[in-house]
Amino acid sequence: MAPDGGVFTDRRNVRTLEETSQTKGRAAMEIERLVNRSELLMQNLSELLAHPLYDDSTRLGVSAQATCLSLEHAAAVRVLVCSGMTLSAPAMLRCQFEALARGIWSLYCASEAQLESLNKPLDNESADASRSLPAVGAMLDQLGKVPVANEAVRCLSEFKLHSWKALNSYVHSGLHPLRRQADGYPSELAIATVRQSNGLAMLAAMQIAILTGVPGLQKTVVALNCRFGSCLPIVAEETMSTRIS
């Protein structure tokens, strides 16, 4: 790291260098508590969802692969935030969102040809063929016509409405990350990122519960909302102003 004021001064931590050490300590502790609580939530979800898929069809298999990829991205978000690499976390959050949308779309909307293109061994030909798959906006439009997916579509669409432009900026090194690199990434944004990621992870867990076909499993997953509400998005909006000071 270069000396203070140098081009490569590390500004990635959860607040700017102008914060008092006391405030920085509170912010770091808040993030640590949130990440620890989030890990416990994921552990509970993993135990609840330890069931095989309902069948061995390509449709369920592709949907499960994309949904599990989304959960892996969620784990990466937590690692990045906990490690202080907060400017990379929003980019991974977008990856998490897109993988989840792909998983739900694969179950309800993908044609057999599209599923086949997602299930082929990876080579230049299959990679080229996969480029014709719909982008996230088109997937949500198609899912909007599937009544059974209404709640999932509502959640995904709301997330996209409020977050998409900023997340794109982080992915493409736009104004958002460049200014945060210069000015610092506020701890409340780091906390909001983890909570948003946890909310998407809960939706992914619901999707996996559907794929198992186990009766009542979705309700068991939903019950965790109350127990772990402090690390989920709705509570985050209500308490952030009082919990981060």
Side-chain angles (χ1 to χ4, degrees), residues 34-78 93-110 114-115 118-119 134 136 139-163 193-238:
L34 174 61
V35 171
N36 288 340
R37 189 66 176 165
S38 301
E39 293 295 344
L40 183 59
L41 168 61
M42 300 308 152
Q43 180 182 338
N44 276 261
L45 290 174
S46 178
E47 293 171 357
L48 285 177
L49 299 171
H51 299 278
L53 299 180
Y54 180 74
D55 61 41
D56 60 356
S57 66
T58 299
R59 185 172 298 278
L60 265 64
V62 169
S63 180
Q65 289 167 8
T67 306
C68 289
L69 176 60
S70 179
L71 289 171
E72 182 171 321
H73 291 327
V77 169
R78 298 191 299 278
L93 182 62
R94 192 188 108 155
C95 294
Q96 180 187 352
F97 170 77
E98 291 196 72
L100 176 57
R102 183 73 72 194
I104 298 173
W105 172 84
S106 297
L107 179 63
Y108 296 115
C109 300
Q114 289 169 327
L115 290 171
L118 287 168
N119 199 44
V136 65
M139 288 191 292
L140 292 181
D141 288 342
Q142 293 178 28
L143 282 166
K145 301 174 184 178
V146 181
V148 72
N150 280 349
E151 182 60 20
V153 173
R154 183 191 66 78
C155 294
L156 292 174
S157 297
E158 183 175 351
F159 178 91
K160 185 173 184 291
L161 176 65
H162 295 292
S163 305
T193 297
V194 174
R195 284 175 167 153
Q196 287 179 319
S197 177
N198 290 341
L200 292 177
M202 287 294 292
L203 190 57
M206 291 291 291
Q207 177 68 6
I208 293 176
I210 291 170
L211 296 175
T212 67
V214 175
L217 187 55
Q218 288 175 273
K219 291 183 179 179
T220 306
V221 171
V222 170
L224 291 177
N225 279 309
C226 294
R227 182 179 170 192
F228 290 93
S230 63
C231 60
L232 295 172
I234 294 177
V235 173
E237 294 177 1
E238 296 173 350

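- Of the inter-residue distances, the one linking Leu49 atom CG with Met206 atom CE reads 10.0 Å to the nearest 0.5 angstrom.
- Identified under the salt bridge (charged side-chain N to carboxylate O under 4.0 Å, His left out) test for residues 40-54, with sequence neighbours left out: none.
- For Thr193, the side-chain hydrogen bond (donor to acceptor under 3.5 Å, both in side chains) partners at least two apart in sequence or on another chain are Tyr185.
- Under the rule for a salt bridge (Lys or Arg N to Asp or Glu O under 4.0 Å), the partners of Arg59 that lie at least two apart in sequence or sit in another chain are Glu112.
- Residues Cys231 and Leu34 share a closest heavy-atom pair of CB-CD1, 3.3 Å.
- Remark: Leu143 CG to Leu156 CG distance equals 7.5 Å, nearest 0.5 Å.
- Of all non-hydrogen atoms in Val146 and Cys109, the two that sit nearest each other are CG2-SG, 3.8 Å.
- Taking CG from Leu41 and OG from Ser46, the interatomic distance works out to 11.0 Å, rounded to the nearest 0.5 Å.
- With sequence neighbours excluded, the residues forming a side chain to side chain contact (heavy atoms under 4.5 Å, CB included) with Asp55 are Ser57, Leu60, listed by chain and number.
- The heavy-atom pair separating Gly213 from Tyr54 by the smallest distance is CA-CD1, 4.0 Å.
- Residues Val77 and Gln196 have side chains not in contact (no heavy-atom distance under 4.5 Å, counting atoms from C-beta outward).
- For Cys155, the side chain to side chain contact (heavy atoms under 4.5 Å, CB included) test picks out Glu151, Leu203, with sequence neighbours left out.
- Shown here are the salt bridge (Lys or Arg N to Asp or Glu O under 4.0 Å) partners of Arg102, two or more places apart in sequence or in another chain: there are none.
- To the nearest 0.5 Å, atom OG1 of residue Thr212 and atom CD of residue Gln207 are 10.5 Å apart.
- Closest non-hydrogen pair, Met42 versus Ala201, comes out as CE-CB, 3.6 Å.
- For residues 36-46, every residue pair satisfying the salt bridge (charged side-chain N to carboxylate O under 4.0 Å, His left out) rule, not counting sequence neighbours, is listed here: Glu39-Arg78.
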Could you give the side-chain donor-acceptor pairs of residues 65-74 under 3.5 Å, partners two or more places apart or in another chain?
{"from": "Thr67", "atom 1": "OG1", "to": "Ser63", "atom 2": "O", "distance (Å)": "2.7"}
{"from": "Ser70", "atom 1": "OG", "to": "Gln96", "atom 2": "O", "distance (Å)": "2.8"}

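- When all heavy atoms of Ile104 and Ala152 are compared, the closest pair comes out as CD1-CB, 4.0 Å.
- In terms of the side chain to side chain contact (heavy atoms under 4.5 Å, CB included) criterion, residue partners of Val62 (sequence neighbours excluded) are, by chain and number, Thr58, Ser106, Leu115, Leu118, Asn119.
- Inter-residue side-chain proximity for Ile210 and Tyr108 is flagged as met; some heavy-atom pair is nearer than 4.5 Å.
- With hydrogens and angles ignored, the 3.5 Å screen pairs no side-chain donor or acceptor of Asn198 with any backbone N or O of Leu232.
- In this structure, the side chain to side chain contact (heavy atoms under 4.5 Å, CB included) partners of Ser157, at least two apart in sequence or on a different chain, are Leu140, Val153.
- Sorted by first and then second residue, the pairs that involve residues 139-163 and meet ring-ring contact (aromatic ring centres under 6.0 Å, His included), not counting sequence neighbours, are Phe97-Phe159.
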Name every donor-acceptor pair, under 3.5 Å, that has one atom in a side chain of residues 214-226 and the other anywhere in the protein, sequence neighbours excluded.
{"from": "Thr220", "atom 1": "OG1", "to": "Gly216", "atom 2": "O", "distance (Å)": "3.2"}
{"from": "Asn225", "atom 1": "ND2", "to": "Val222", "atom 2": "O", "distance (Å)": "3.1"}

Checklist entry - Can you list the steps and then say if Trp105 with Val136 is a side-chain contact (heavy atoms from CB on, under 4.5 Å)? => result CA-CA 9 Å; Trp105 172 84; Val136 65; over 6 Å; no
